[in-house]
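Beneath this line is the structure, given in structure tokens, with notes to follow.
Convention: sequence-line order gives letters A, B, ...; per-chain numbering from 1.
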Amino acid sequence: MKYVVMECCVGYAVVLDENGTFLKVANKNYEIGQTVTDVVPIAVESRKKARILPVKWVYSVTAAACLLPVLIPLLSRYNSAVASVYLTINPEIE
Amino acid sequence: MPNEHKIIGLVYAAKNDTAKADDLIRAYISFIRREASKCMKRACTDSDDEYSIALMAFYEAIMGYGKDRGAFLGYASMLIHSRLTDYARKEMRHQGNVSLYEEKGDGDGTTLADTLADGTDVLEERALRDATRQEIEELANVMKGFGISFSDVSDNCPKQERTLRTCTEVIRYAGANPHILDLMLQTKKLPLAELVKGSGAERKTLERHRKYLLAMQCF
């Protein structure tokens, strides 16, 4: 693959390859317009931004969290017992 | 510690400014050379490929640095050593081969390359390189009018084959319709609506690679 040197900076050079892709590579004393073949591409780790919850969701989640301590006791009232039946089965033979 | 804060401030400023990145690298040239020499176990000179790799690694450290990585110089040193080790491993494959630029050893300084017949015309090659450089400098000036540089374009360049093909189709469509280039030169913006309508590409793709498309139009 051949590359044409397009820009030279102190830390790197920008080259254009035969596919029309621009790459940042190590600048081995290149000159603009030079054609090179053996390049060392740069490898910059992309630091992905932490996903922040959108603002509208924050309000909804906060509201739900505040309502839960109120709703749970209310709902549990419907599940409380109103009466109980005590049944024993204890056959005797005399 | 105040020195560390100062360095971190300079690093974060350099992340978005090529000129500041160059200044920072120049300010730490002796550090970079020292780290490269430690790794190479000999003095590192400007003409060594390892020196270029070390400079590139320092630039990578600037772009990849975050406060969670500790002290910046420690991180940069680790990255320089890592890149030089990778480079040395890659070069080990060529060990045992004779270099064309190795001296023949007959005392007059001639190399093996000098004994080979050279079909290229050095003057013609030089003239071609100068013409290419002039064209590239003219292109860089046009791109400056749009507020972009080749560094910006390389960061914005599509990496995936499929996206590159889509962008190539868009560029072909724009090339076949000269009024798009006229519109672009007038407004100093990429006419996204027209390109989306004409090429059928997704607007999101064109927006993501706007700078790359602008540069290729300028070509």
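Taking CD1 of Ile136(B) as the start and CG of Leu16(A) as the end, the distance is 8.5 Å to the nearest 0.5 Å. With rounding to the nearest 0.5 Å, the separation of OG1 in Thr132(B) from CD in Gln34(A) is 11.0 Å. Atom CG of residue Leu128(B) and atom OG1 of residue Thr35(A) lie 7.0 Å apart, to the nearest 0.5 angstrom. Met6(A) contributes atom CE, which lies 13.5 Å from atom CZ of Arg133(B) (distance to the nearest 0.5 angstrom).
In this structure, the side chain of Ser52(B) engages the main chain of Asn27(A) through a donor-acceptor pair within 3.5 Å.
Asn29(A) and Ser47(B) make their closest contact through ND2-CA, 4.0 Å (heavy atoms, listed as atom of the first residue, atom of the second, distance). Nearest heavy-atom pair, Leu164(B) versus Thr21(A), reported as atom, atom and distance to 0.1 Å: CD2-OG1, 3.7 Å. Taking each heavy atom of Ala26(A) and Ile53(B) in turn, the nearest pair found is CB-CD1, 4.2 Å.
Only the side chain of Asp155(B) comes within less than 4.5 Å of a heavy atom in chain A; its backbone stays farther off. Looking at Leu23(A), the atoms closer than 4.5 Å to chain B (heavy atoms on both sides) all sit in the backbone: N, CA, C or O. Contact annotation for Arg165(B): neither backbone nor side-chain heavy atoms come within less than 4.5 Å of a heavy atom of chain A. In this structure, the portions of Phe150(B) lying under 4.5 Å from any heavy atom of chain A include both its backbone and its side chain. Heavy atoms closer than 4.5 Å to chain A are found in the side chain of Tyr87(B), but not in its backbone. Looking at Thr168(B), neither its backbone nor its side chain comes within 4.5 Å of chain A, counting heavy atoms on both sides. Using a 4.5 Å cut-off between heavy atoms, Val40(A) contacts chain B through both its backbone and its side chain.
No more than 12 heavy atoms of other residues, nucleotides or ligands shown are found within 6.0 angstrom of CD on Glu161(B). Under a cut-off of 6.0 angstrom, the local environment of CD in Glu137(B) is crowded, with over 12 non-hydrogen atoms contributed by other residues, nucleotides or ligands. Residue Gln134(B) places its CD atom among 12 or fewer non-hydrogen atoms of other residues, nucleotides or ligands, all under 6.0 Å distant. The number of heavy-atom neighbours closer than 6.0 Å to CD of Glu202(B), taken from other residues, nucleotides and ligands shown, is 12 or below. No more than 12 heavy atoms of other residues, nucleotides or ligands lie within 6.0 Å of NZ in Lys2(A), so this atom counts as exposed by the packing criterion.
In this pair, Tyr59(B) and Tyr12(A) present their aromatic rings tilted. The plane angle is within the 30 to 60° band.
Salt bridge status for Lys144(B) with Glu7(A): absent, with no side-chain N to carboxylate O gap under 4.0 Å.
Contact count versus chain A (heavy atoms, under 4.5 Å) is highest, among Leu24(B), Val153(B), Asp22(B), Leu55(B), for Asp22(B). Here Val10(A) is the residue among Val25(A), Val10(A), Val4(A) with the most heavy-atom pairs under 4.5 Å with chain B. Chosen from Ser151(B), Ser149(B), Ala21(B), the residue pairing most often with chain A at heavy-atom distances under 4.5 Å is Ser151(B).
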